[in-house]
Each structure stands twice: as C-alpha cells, then as structure tokens.
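The structure appears below as structure tokens.
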Amino acid sequence: MANITLDRIDKRYPNGYIAARGLSLPIADGEFLVLVGPSGSGKSTVLRMIAGLEKPTCGTIVIGERDVTRLPPQERDIAMVFQSYALYPHMTVRENMAFGLRLRKQPEATVVRRVAEVAEALGLGPLLERKPAQLSGGQRQRVALGRAIVREPKAFLFDEPLSNLDAQLRVETRAELARLHRRLTATMVYVTHDQVEAMTLGTRVAVLKDGALQQVAPPMELYRRPVNQFVAGFIGSPAMNFIRGAIRHDATGPVFSAPGLTVALLDGGTGSRLGGDVVLGVRPPELVIDRAGIGDARAAVSLVEPLGNDQIVYLTLAGGGDVLAVLSADVPLAVDDVVSLHIPGPSVHLFDAATGARLSS
C-alpha cells in the first residue's frame with residue numbers, strides 16, 4: 001500500500017470550466033479518505049486524476065514515492081471501482097475477478113489462489129460460475145470489489161460505488177466496505193455526494209465546493225467544528241438551521257438578536273462582532289421545545305414528519321423564517337401548535353454573514 005499526495009492541483013477544461021483549484025491534499029498510507037460535495041464540486045474529477053483518467057492542468061500527484069502526474073493509468077498500480085460495476089457480461093464471476101491478474105501474466109496458481117481467497121472473504125464462493133446477468137446489484141458490486149482486491153494494488157479508488165443500490169443493500173454494502181478496510185488496512189479514496197456515507201466510512205472527510213477544498217478532518221470534527229457555513233450546512237442530516245441577526249451586549253453578556261429571537265451566547269470573543277451581521281447556526285437535534293412558554297422565541301408548527309422513534313418538526317418563527325427540530329416521537333405536536341423554542345448557548349455556531357467563515361461562539 002502507499003500514501004497519495006496531491007500538490008496544488010488545478011484542472012481547467014478548454015471550455016473554461018474549472019474542476020479543481022489549487023487542491024493540496026495528503027492521503028496517508030492505509031487511510032480511508034472520502035471526497036464529498038454537491039454535484040459539480042469536482043470530487044469525481046479529482047478521483048479520475050489520481051487514477052490517470054484525467055490529467056491535471058498543473059500540480060503534481062505522487063503515489064508512494066513516485067511522481068505519477070503524467071503516467072498512464074496502467075502504470076500507477078491502483079484499482080478503481082465504478083458506479084456501473086463495469087463487469088464483462090460474457091464472463092463468469094471467476095473470470096471477471098481473474099481477468100486483471102491474467103492480463104498481467106500472473107502464474108495460474110497465483111490467480112486461482114487469490115480469486116479463491118477474495119471470493120471467500122466477500123461471500124462470493126457459491127456465485128463463481130454465474131455470469132453478471134444472474135446476479136443482484138449488491139452481488140455485482142461485490143464482484144467489482146473482488147476484482148479490485150485480487151490485484152493487491154497500492155490504492156483503491158471508489159467512484160460512488162453504492163449509488164445504484166437500494167437503501168437496504170446500501171447500508172449492508174457500506175458496512176462491508178468498512179470491515180474490508182479494517183481487514184486490508186489499504187489506502188482507499190472514496191467519492192460520494194451522500195454525507196451519511198462520508199460520515200460513516202471515512203477516517204477523514206474532504207469537503208469540496210466548486211473545485212476548492214473547504215475542510216478536511218475526521219467526521220465528528222466536521223460535524224462539531226465546521227470551518228464555514230457551507231460545510232456546516234452540507235454535513236449533518238437534516239441540515240443545520242441558519243438564522244441571520246446581530247450580536248449585542250446586555251446585562252448577562254453577549255446575545256444574538258434577530259426578529260423575535262434572542263439567544264444568550266458563551267463569551268468566546270463575540271464582543272468583537274458587536275453590531276455586525278452574523279449568522280447563527282444550530283443543528284435540528286439541539287433545538288428544545290418548551291410548551292411552558294419559557295424560551296428564546298415563539299414558533300408555530302407547520303409540518304410534522306414521523307420517523308419511528310423520532311420526528312422532524314418544521315417550525316415557523318414568530319419573527320419570520322423557518323427552522324427544523326428533531327424531537328422524540330413521544331413529544332405530542334400537531335400542525336398549527338404554537339410552542340416556545342429554546343436554543344442552548346453551547347449548541348450555537350456563529351458565522352460571518354459576508355464570508356461564511358466560522359466565528360468564535
């Protein structure tokens with residue numbers, strides 16, 4: 001296995017589209033790094049540049065100790081798993097898994113041994129003589145994984161490999177991938193637009209927007225300390241609530257103030273923002289509903305979505321604007337109920353209204 005280093009990578013197409021902007025990203029040996037972002041953020045292009053399917057406009061790509069920036073894919077010793085599986089329909093599972101090894105003229109005994117070992121690990125033993133048309137989507141994806149694993153490459157690249165699977169299969173295959181990484185201790189780079197996949201799979205997650213790296217950190221650091229409003233809104237489901245207002249001081253200390261809403265803040269340098277426009281962020285599970293009328297704002301329930309043990313409650317603030325709360329299903333709420341809303345100070349995130357950058361809270 002090997003580390004991967006992207007150093008000041010740019011990718012500009014002839015039509016002027018910029019897919020990567022000054023991207024520098026070290027990926028440690030044995031790390032599971034997830035590239036996540038909305039459509040058009042450049043994550044798949046970055047993966048294709050690592051694979052050698054696209055060439056950067058400038059910058060360097062190093063795999064191990066070797067500069068591979070201008071090398072073709074077959075000389076990079078990486079394995080890529082695609083969204084579409086890319087299996088040969090006329091070959092059996094065994095033949096699909098062995099194809100890459102035979103192409104490299106590996107001894108037949110080695111081919112047979114590796115295919116058997118990987119098939120056993122992935123539960124593909126009973127399927128080895130079947131062809132792809134006789135397999136389910138989840139089984140085909142496991143064959144695609146197996147074909148990559150038998151090669152024992154320096155790194156594995158995954159381009160949204162679970163997006164064609166149904167919800168249950170996605171959960172199962174996601175867990176399988178996580179176990180596989182622990183067993184192989186392999187370097188893996190995984191692209192997805194699904195932030196739930198990113199949070200559950202990655203040892204680190206890199207968030208991209210318009211080709212630029214916004215933040216790279218362990219999943220819970222992204223969740224708890226996003227560097228800007230974009231990362232805060234993209235990571236977490238349901239997304240973080242944002243309310244625009246200003247900071248002022250009263251007798252108790254710094255206070256966030258917006259129409260119909262007042263939130264006491266922890267004193268963490270917020271005084272320097274007195275009078276300036278800021279955006280308060282709070283995650284839906286952190287909001288507290290109080291029917292007794294003691295809270296920071298009044299709000300009316302506009303929609304309730306039951307989710308088994310929990311419910312998502314859509315609220316319209318008395319001063320205008322909408323927020324979401326995630327509450328226990330035991331809390332009795334109905335549309336048009338008026339409730340008191342409390343935002344605990346320790347749960348607050350503050351962002352500069354102009355730049356979106358994180359402020360002290």
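Note that the structure is a prediction, hence the values are computed from the model and not measured.
Ile289 is listed as a side-chain neighbour of Leu315, based on a closest heavy-atom distance under 4.5 Å. The closest side-chain heavy-atom distance from Thr110 to Leu101 is not below 4.5 Å. Side-chain contact between Ser340 and Arg298 is present, with heavy atoms from C-beta onward closer than 4.5 Å. Using a 4.5 Å heavy-atom threshold, the side chains of Val205 and Leu33 count as separate. In this structure the side chain of Val207 reaches within 4.5 angstrom of the side chain of Leu222, judged on heavy atoms.
Within 6.0 Å of CD in Glu129 there are more than 12 heavy atoms belonging to other residues, nucleotides or ligands. Other residues, nucleotides and ligands contribute only 12 or fewer heavy atoms inside 6.0 Å of the CZ atom of Arg8.
A donor-acceptor distance shorter than 3.5 angstrom exists from the side chain of Ser302 to the backbone of Tyr314, with no hydrogens or angles considered. With Gln311 contributing its side chain and Val331 its backbone, the two residues share a donor-acceptor pair below 3.5 Å.
Listed here is the closest heavy atom pair of Val231 and Pro226: CG1-CB, 3.8 Å. Of all the heavy atoms in Arg151 and Arg147, the pair that sits closest is CG-O, 3.9 Å. Among all heavy-atom pairs drawn from Thr92 and Glu95, the shortest one is N-OE1, 2.9 Å.
For residues 38-56, the salt bridge (Lys or Arg N to Asp or Glu O under 4.0 Å) pairs, not counting sequence neighbours, are Lys11-Glu54, Arg48-Glu54.
Both Leu327 and Ile343 belong to a single network of hydrophobic side chains, linked directly or stepwise wherever heavy atoms of I, L, V, M, F, W or Y lie under 4.5 Å apart. Val46 and Ile4 end up in the same hydrophobic cluster when Ile, Leu, Val, Met, Phe, Trp and Tyr side chains are linked at under 4.5 Å. Residues Leu25 and Val62 fall into different hydrophobic clusters, defined by Ile, Leu, Val, Met, Phe, Trp and Tyr side chains chained together at heavy-atom separations under 4.5 Å. Hydrophobic clustering (side-chain heavy atoms under 4.5 Å, transitive across Ile, Leu, Val, Met, Phe, Trp, Tyr) groups Met80 together with Ile50. Leu162 and Phe82 fall into different hydrophobic clusters, where Ile, Leu, Val, Met, Phe, Trp and Tyr side chains are chained together by heavy-atom contacts under 4.5 Å.
Below 30°, between 30° and 60°, or above 60°: for Tyr190 and Phe158 the angle between ring planes is between 30° and 60°, a tilted geometry.
In this structure Arg283 satisfies the salt bridge (Lys or Arg N to Asp or Glu O under 4.0 Å) test with no other residue, sequence neighbours excluded. Contacts of Arg102 classified as salt bridge (Lys or Arg N to Asp or Glu O under 4.0 Å), with partners at least two apart in sequence or in another chain: Glu108. Annotation: salt bridge (Lys or Arg N to Asp or Glu O under 4.0 Å) contacts of Asp194 (sequence neighbours excluded): Arg170. Applying the salt bridge (Lys or Arg N to Asp or Glu O under 4.0 Å) test to Asp10 and every residue at least two apart in sequence or in another chain returns Arg12.
The hydrophobic cluster around Tyr88 extends to Met91, Phe99, Leu103, counting ILVMFWY residues whose side-chain heavy atoms fall within less than 4.5 Å of a member.
For the residue pair Thr60 and Asp67, no side-chain donor N or O sits within less than 3.5 Å of a side-chain acceptor on the partner. The closest side-chain donor-acceptor pair between Asp159 and Ser44 falls under 3.5 angstrom. No donor-acceptor contact under 3.5 angstrom links the side chains of Asn228 and Gln215, judged on distance only. In this model, a donor atom of one side chain and an acceptor atom of the other lie less than 3.5 Å apart for Arg174 and Thr200.
The existence of a salt bridge linking Arg21 and Asp210 is excluded, since no basic side-chain nitrogen approaches an acidic carboxylate oxygen closer than 4.0 Å. A salt bridge does not link Arg204 with Glu221: every distance from a Lys NZ or Arg NE/NH1/NH2 to an Asp or Glu carboxylate oxygen is 4.0 Å or more.
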